[in-house]
Amino acid sequence: MSPAESSEVRVEVEGRTLTLTNLDKVLYPRTGTTKGEVLHYYATIAPVLLPHLADRAVTRIRWPHGVGGESFFEKNVPAGTPSWVRTVEVPTTGSRATGERPGKADTLRFPIVEDLATLTWLANLAALELHVHQWTVTRTGRPRHADRLVIDLDPGEPATLHDCCRVALLVRDRLAEHGLAARPVTSGSKGLHLYADLPQRRPAEETTALAKDIAEQLQREDPARVTATMTKQRRSGKVFLDWSQNAASKTTVAPYSLRGREIPTVATPVTWAEVEAGAEDEMALEQFRYAAVLERVAELGDLFLP
């Protein structure tokens, strides 16, 4: 390890003292993006990111040695979590299903990322991706029903983001038939996420069933382009409408989160005009890098607001 990578810097963030390490460590080798730049991105994007993380249990994907190395999912808070980080103990899916009072072995202890200090602490742990459920918790930590629905449009090669845009317009119309207004977000990977706020909270079983019904309807109407089947072998050349991310145990990468891809792309809220352009022209819409996202927010504000 080089001296630069082993260095430590103590900083004050909103009254909290944090020790930041390895700021010169390259986390994205292809672009040379360092941990310091990742921390700067999250600090800058925090005003629009934090409201969309509020009261949601956060699952992290960490790349301790950069995106060229191994990664791991982390749900429980790690050892050494600062005492000031808000956490919540959530029953696992199995214990919720039985209705029994869960023991410690039947719960997960997630962090709630509600301030810049917590966000900075996680970014310093190389938690590049932040994933959240479609439900929130109360101030006392009790899980609530879902307040939104999401459909993940995932293209199977050789399908592309262009194909996702075309299918997204169909999904938008189907959601509108249910009185739901969809908001598009490029996934930062290959496809699109469509979110719709619910007029009232609904159990995850209901939102999952609704999303699955919409996906299966579109599969029947346009089987050459759309599939609702999870089997990867059947996705080739089609857009998979992943309805399963509405399950209580499932998560979706948060809007404005970085992705652990070869280059530092971001799950980016976009306008329907941009999606419509992407449906017309293969080159009109692409996944955005973090610098472009900061520019977009400075110019357009938070496009993910209802």
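This one's a predicted model, so the numbers in the text were calculated from it and none came from an experiment.
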*Asks:* Start with the C-alpha distance between Arg174 and Glu177, add both sets of side-chain angles, then the distance that settles salt bridge (charged side-chain N to carboxylate O under 4.0 Å, His left out), and finish with yes or no.
*Replies:* CA-CA 5 Å; Arg174 283 290 182 275; Glu177 292 173 3; 3.3 Å; yes
*Asks:* Distance check, rounded to the nearest 0.5 Å: Arg289 atom CZ versus Thr33 atom OG1?
*Replies:*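 Reported to 0.5 Å precision, the distance equals 8.0 Å.
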*Asks:* Is Trp243 reachable from Leu241 through a run of I, L, V, M, F, W or Y residues, each pair having side-chain heavy atoms under 4.5 Å apart?
*Replies:* no
*Asks:* Answer yes or no: is there a side-chain heavy-atom contact under 4.5 Å between Thr59 and Phe110?
*Replies:* yes
*Asks:* Is it true that Val253 and Val132 fall in one hydrophobic cluster, defined by side-chain heavy atoms closer than 4.5 Å?
*Replies:* no
*Asks:* Hey, could you give me the SG/CG distance between Cys164 and Leu285, rounded to the nearest 0.5 Å?
*Replies:*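 Taking SG in Cys164 and CG in Leu285, the distance rounds to 10.0 Å.
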*Asks:* Is it the case that Thr17 and Glu12 place a side-chain donor and acceptor less than 3.5 Å from each other?
*Replies:*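 Yes.
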*Asks:* Does any N or O in the side chain of Asp163 come within less than 3.5 Å of the main-chain N or O of Lys238, such that one atom is a donor and the other an acceptor?
*Replies:* no
*Asks:* What's the shortest heavy-atom distance between Pro199 and Leu180, and which atoms?
*Replies:* CD-CD2, 3.8 Å
*Asks:* With a distance cut-off below 6.0 Å to the six-membered ring centre and an angular limit of 45° from the axis, does Arg235 pair with Phe240 as a cation-pi contact?
*Replies:* yes
*Asks:* Should Val67 and Tyr28 count as side-chain neighbours, where that means a heavy-atom distance under 4.5 Å?
*Replies:* yes
*Asks:* In terms of hydrophobic clusters joined by side-chain contacts under 4.5 Å, are Leu192 and Met230 together?
*Replies:*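 Different hydrophobic clusters.
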*Asks:* Any sub-3.5 Å donor-acceptor pair from Lys75's side-chain atoms to Arg109's backbone N or O?
*Replies:* no
*Asks:* Got a donor-acceptor contact below 3.5 angstrom from the Thr81 side chain to the Val77 backbone?
*Replies:*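 Flag not set: sc Thr81 to bb Val77 has no pair under 3.5 Å.
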*Asks:* Test of understanding: clusters of I, L, V, M, F, W, Y form through side-chain heavy atoms closer than 4.5 Å, transitively. Do Ile45 and Leu303 belong to the same one?
*Replies:* no
*Asks:* Under a 3.5 Å distance rule, please check whether Thr160 uses its side chain to pair with a backbone N or O of His162 as donor and acceptor.
*Replies:* yes
*Asks:* How about Thr136 and Asp147: do any of their side-chain heavy atoms sit closer than 4.5 Å?
*Replies:*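 Thr136 vs Asp147: side chains touch.
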*Asks:* Thr268 side chain to Pro255 main-chain N or O, any donor-acceptor pair under 3.5 Å?
*Replies:*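 Here the side-chain-to-backbone pair does not exist.
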*Asks:* Roughly how far, to the nearest 0.5 Å, is CG of Leu128 from CZ of Arg62?
*Replies:*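 Here the interatomic distance stands at 10.0 Å.
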*Asks:* Show your working on side-chain hydrogen bond (donor to acceptor under 3.5 Å, both in side chains) between Thr265 and Arg259 and close with a plain yes or no.
*Replies:* CA-CA 6 Å; Thr265 50; Arg259 301 304 306 265; over 6 Å; no
*Asks:* Salt bridge check: are Lys25 and Glu37 linked by an N-O gap of less than 4.0 Å?
*Replies:* no
*Asks:* Got a donor-acceptor contact below 3.5 angstrom from the Thr87 side chain to the Pro111 backbone?
*Replies:* no
*Asks:* Are Arg60 and Phe73 in a cation-pi contact, defined as NZ or CZ under 6.0 Å from the six-membered ring centre and within 45° of the axis?
*Replies:*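 Because its charged atom misses either the 6.0 Å distance or the 45° angle limit, Arg60 does not stack over Phe73.
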*Asks:* Quick check on Arg225: does its CZ atom have over 12 non-hydrogen neighbours (other residues, nucleotides or ligands) under 6.0 Å away?
*Replies:*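 Check passes, neighbour count above 12.
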*Asks:* Do Asp55 and Arg139 meet the salt-bridge criterion of a basic N to acidic O distance under 4.0 Å?
*Replies:* yes
*Asks:* Mind checking the OG1-CD spacing from Thr107 to Glu89? Nearest 0.5 Å is all I need.
*Replies:*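 Reported to 0.5 Å precision, the distance equals 4.5 Å.
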*Asks:* I'd like to know if the side chain of Gln219 reaches the main chain of Ala228, judged simply by a donor and an acceptor atom lying under 3.5 Å from each other, with no hydrogens or angles considered.
*Replies:*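 Yes, because the side chain of Gln219 sits within donor-acceptor range (under 3.5 Å) of the backbone of Ala228.
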*Asks:* What's the shortest heavy-atom distance between Pro78 and Leu125, and which atoms?
*Replies:*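 Looks like CG-CD1, 4.2 Å.
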*Asks:* With rounding to the nearest 0.5 Å, note down the distance linking CZ in Arg86 to CD1 in Ile112.
*Replies:* 5.0 Å
*Asks:* Taking the inter-plane angle between the rings of His52 and Phe304 on a 0 to 90° scale, is it parallel (under 30°), tilted (30 to 60°) or perpendicular (over 60°)?
*Replies:* perpendicular
*Asks:* Evaluate the ring planes of His133 and Trp135, with Trp represented by its six-membered ring, and classify them as parallel (under 30°), tilted (30 to 60°) or perpendicular (over 60°).
*Replies:* parallel
*Asks:* Does the side chain of Leu119 reach to within under 4.5 Å of the side chain of Leu49, using non-hydrogen atoms?
*Replies:* yes
*Asks:* Is there a donor in the side chain of Thr138 and an acceptor in the side chain of Thr140, or the other way round, less than 3.5 Å apart?
*Replies:* yes
*Asks:* According to a hydrophobic-cluster definition based on side-chain heavy atoms being under 4.5 Å apart (Ile, Leu, Val, Met, Phe, Trp, Tyr only), do Ile263 and Val38 belong together?
*Replies:*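 No; tracing contacts between hydrophobic side chains, which count when under 4.5 Å, never links both residues.
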*Asks:* Lys35 side chain to Asn124 main-chain N or O, any donor-acceptor pair under 3.5 Å?
*Replies:*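 Yes; judged by distance alone, with no hydrogens or angles, the pair exists.
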*Asks:* Within a 6.0 Å radius of atom NE2 on His65, are there more than 12 heavy atoms belonging to other residues, nucleotides or ligands?
*Replies:* no
*Asks:* For the CG atom of Asp152 and the OG atom of Ser244, what is their distance to the nearest 0.5 Å?
*Replies:* 8.0 Å
*Asks:* So, does Trp272 use its side chain to make a donor-acceptor pair with the main chain of Ala182 at under 3.5 Å?
*Replies:*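 Between the backbone of Ala182 and the side chain of Trp272 there is a qualifying donor-acceptor contact (under 3.5 Å).
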*Asks:* List the atom of Ala267, the atom of Pro269, and the distance in Å for their closest heavy-atom pair.
*Replies:* O-CD, 3.7 Å
*Asks:* Ignoring hydrogens and angles, tell me if any N or O in the side chain of Glu206 forms a donor-acceptor pair with the backbone of Pro203 under 3.5 Å.
*Replies:*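 No: the side chain of Glu206 does not pair with the backbone of Pro203.
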*Asks:* Go through the steps for Thr231 and Thr229 under the test side-chain hydrogen bond (donor to acceptor under 3.5 Å, both in side chains), then give the verdict.
*Replies:* CA-CA 6 Å; Thr231 306; Thr229 305; over 6 Å; no
*Asks:* Taking all non-hydrogen atoms of both residues, which atom of Pro143 and which atom of Pro91 are closest, and how far apart?
*Replies:* CG-CD, 4.1 Å
*Asks:* For Arg183, is the CZ atom crowded, meaning more than 12 foreign heavy atoms sit under 6.0 Å from it?
*Replies:* yes
*Asks:* Verify side-chain hydrogen bond (donor to acceptor under 3.5 Å, both in side chains) between Gln245 and Thr252, making sure each step is shown before the conclusion.
*Replies:* CA-CA 7 Å; Gln245 291 182 31; Thr252 307; 2.5 Å; yes
*Asks:* How about Glu276 and Arg172: do any of their side-chain heavy atoms sit closer than 4.5 Å?
*Replies:* yes
*Asks:* How about Glu70 and Trp63: do any of their side-chain heavy atoms sit closer than 4.5 Å?
*Replies:*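 A side-chain contact is absent here, since even the closest heavy-atom pair is not under 4.5 Å.
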*Asks:* Might you point out which heavy atoms bring Gly191 and Leu161 nearest each other, and give the distance in Å?
*Replies:*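 Answer, listing the atom of Gly191 first, then Leu161: O-CD1, 3.6 Å.
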*Asks:* Can you confirm whether more than 12 heavy atoms, excluding those of Glu286, are under 6.0 Å from its CD atom?
*Replies:* no
*Asks:* Heavy atoms only: give me the nearest Val275-Cys165 pair and the separation to one decimal.
*Replies:*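 Heavy atoms only, the tightest pair is O-CB, 3.5 Å.
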*Asks:* Taking the side chain as every heavy atom from C-beta outward, state whether Val239 and Thr227 have any pair of such atoms under 4.5 Å apart.
*Replies:* no
*Asks:* Hey, is CD on Glu14 packed in by over 12 heavy atoms from elsewhere, all under 6.0 Å?
*Replies:* yes
*Asks:* Does any part of the side chain of Thr118, heavy atoms only, come nearer than 4.5 Å to the side chain of Trp84, both counted from C-beta?
*Replies:* yes
